[in-house]
Amino acid sequence: SLLQLKLWNKYRVSNIPSLIFIDASTGKVVCRNGLLVIRDDPEGLEFPWGPKPFSEVVAGPLLRNNGQTIDSSALEGSHVGVYFSAHWCPPCRSLTRVLVESYRKIKEAGQKFEILFVSADRSEDSFKQYFSEMPWLAVPYGDEARRSRLNRLYGIQGIPTLIVLDSKGEVITRQGRVEVLNDVECREFPWHPKPVLELTDSNAVQLNEGPCLVLFVDSEDDGESEAAKQLIQPIAEKIIAKYKAKEEEA
């Protein structure tokens with residue numbers, strides 16, 4: 001029915017089964033990954049399963065690939081890329097290669113930036129092999145509860161996913177993968193979402209994220225696309241500002 005379709009669209013459900021908890025008084029999503037919640041907390045001890053701050057969910061020791069550990073409090077004051085990835089997944093491996101270069105460029109430019117690898121590898125050995133290629137931090141593989149809590153916090157539905165956080169732990173973009181691939185020189189870091197994008201192979205994934213307006217223009221060279229952009233930019237900015245004021249995703 002139409003109502004069912006509206007609900008599927010509203011909550012961006014792309015696979016089933018999917019269990020989403022909402023706050024009945026405000027209608028806001030409390031948790032997207034209800035299936036993980038009931039698997040991890042069958043007794044309901046953490047009810048009502050609302051989002052916790054990143055610093056609380058990540059709290060504990062983090063690893064470097066030389067075996068050194070450092071406390072998660074070291075992330076405070078830095079932009080953080082939370083990187084959900086696994087060695088068995090080919091798109092993950094190719095993103096990692098690009099990300100290693102991006103990480104180096106951002107650090108060399110003097111930005112406070114750290115990446116945190118949250119593994120979906122199938123064994124500790126595979127995790128160690130994959131992590132040996134990464135110059136950043138990781139949640140220890142053995143700490144399954146913390147890895148799962150991070151998956152739940154961001155409602156991760158597929159890998160690779162790179163979530164970019166500001167220095168306060170608030171989400172700047174969930175589309176870190178697209179941003180890194182589109183901006184190899186990292187000129188746009190930390191990749192605040194743009195109201196209007198040029199449609200490309202790598203950012204087309206965002207068509208699945210919610211309602212989109214796609215404007216087709218004749219040609220690049222007669223300035224038509226720039227004119228079109230100037231037409232829709234203020235409208236897009238207004239819509240984004242409206243949702244931001246309501247603390248909702250546009």
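What you see is a predicted model, and the numbers here were worked out from it, not measured in a lab.
- Between Tyr83 and Thr96, the side chains place a donor N or O and an acceptor N or O closer than 3.5 Å (distance only, hydrogens not considered).
- By the 4.0 Å N-to-carboxylate-O rule, Arg152 lies close enough to Asp40 to be salt-bridged with it.
- Atom NZ of Lys107 sits in a crowded spot, with more than 12 heavy atoms from other residues, nucleotides or ligands closer than 6.0 Å.
- Salt bridge present: Lys52 and Glu46 bring a charged side-chain N and a carboxylate O closer than 4.0 Å.
- The minimum heavy-atom distance linking Leu63 with Pro140 is given by the pair CD1-CA, 3.9 Å.
- What you find for Asp41 and Leu45 is that their closest heavy atoms are OD1-N, 2.9 Å.
- Using a 4.5 Å heavy-atom cutoff, the side chains of Thr69 and Arg64 are not in contact.
- In terms of heavy-atom proximity, Pro90 sits nearest to Trp88 at CD-O, 3.4 Å.
- Using a 4.5 Å heavy-atom cutoff, the side chains of Asn9 and Leu7 are not in contact.
- Judged purely by atom type and a 3.5 angstrom limit, Ser102 uses its side chain to pair as donor or acceptor with the backbone of Val98.
- Put simply, Ile163 and Val180 are part of two different groups of oily side chains (I, L, V, M, F, W, Y) that touch within less than 4.5 Å, one to the next.
- Between Arg104 and Glu108 a salt bridge is recorded (basic side-chain N to carboxylate O distance below 4.0 Å).
- Contact of the Ile156 side chain with the Val118 side chain is not registered, since no non-hydrogen atoms from C-beta on lie closer than 4.5 Å.
- The backbone N or O of Gly27 sits nowhere less than 3.5 Å from a side-chain atom of Asp23 that would complete a donor-acceptor pair.
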message: The test is side-chain contact (heavy atoms from CB on, under 4.5 Å); show your working for Ser148 and Leu36 and say whether it passes.
response: CA-CA 8 Å; Ser148 187; Leu36 277 180; 4.2 Å; yes

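- Looking at every heavy atom in both residues, Ser72 comes nearest to Leu62 through CA-CD1, 3.7 Å.
- Between Arg97 and Glu133 no salt bridge is recorded (no basic side-chain N to carboxylate O distance below 4.0 Å).
- Put simply, the side chain of Asp183 reaches to within 4.5 Å of the side chain of Arg187, judged on heavy atoms.
- To the nearest 0.5 Å, atoms CD (Glu76) and NZ (Lys112) are separated by 10.0 Å.
- In this structure, Trp136 and Leu99 have side chains that are in contact, with non-hydrogen atoms separated by less than 4.5 Å.
- In the model, Tyr11 has no side-chain atom that pairs as donor or acceptor with a side-chain atom of Ser18 under 3.5 Å.
- The shortest heavy-atom contact between Ala86 and Ile159 is CB-CD1, 3.7 Å.
- Contact check for Lys168 versus Phe54: no side-chain heavy atoms found under the 4.5 Å cut-off.
- Between Tyr141 and Phe131, the distance from one ring center to the other does not fall under 6.0 angstrom.
- Between Lys105 and Glu185, some side-chain heavy-atom pair lies under the 4.5 Å cut-off.
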- request: Show the numbers, then the answer: is there a side-chain contact (heavy atoms from CB on, under 4.5 Å) between Tyr154 and Val171?
  value: CA-CA 9 Å; Tyr154 298 115; Val171 174; 3.8 Å; yes

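- Taking CZ of Arg146 as the reference point, atom CG of Asn151 lies at 13.0 Å (rounded to 0.5 Å).
- Ring-centre distance between Phe117 and Phe127: below the 6.0 Å cut-off.
- Among residues two or more places apart in sequence or in another chain, the side chain to side chain donor-acceptor pair (under 3.5 Å) test is passed with Asp125 by none.
- Nearest heavy-atom pair, Asp121 versus His87, reported as atom, atom and distance to 0.1 Å: OD1-N, 2.7 Å.
- Atom NZ of Lys28 and atom NZ of Lys246 lie 9.5 Å apart (nearest 0.5 Å).
- Counting only heavy atoms from C-beta outward, the side chains of His79 and Phe189 approach each other to under 4.5 Å.
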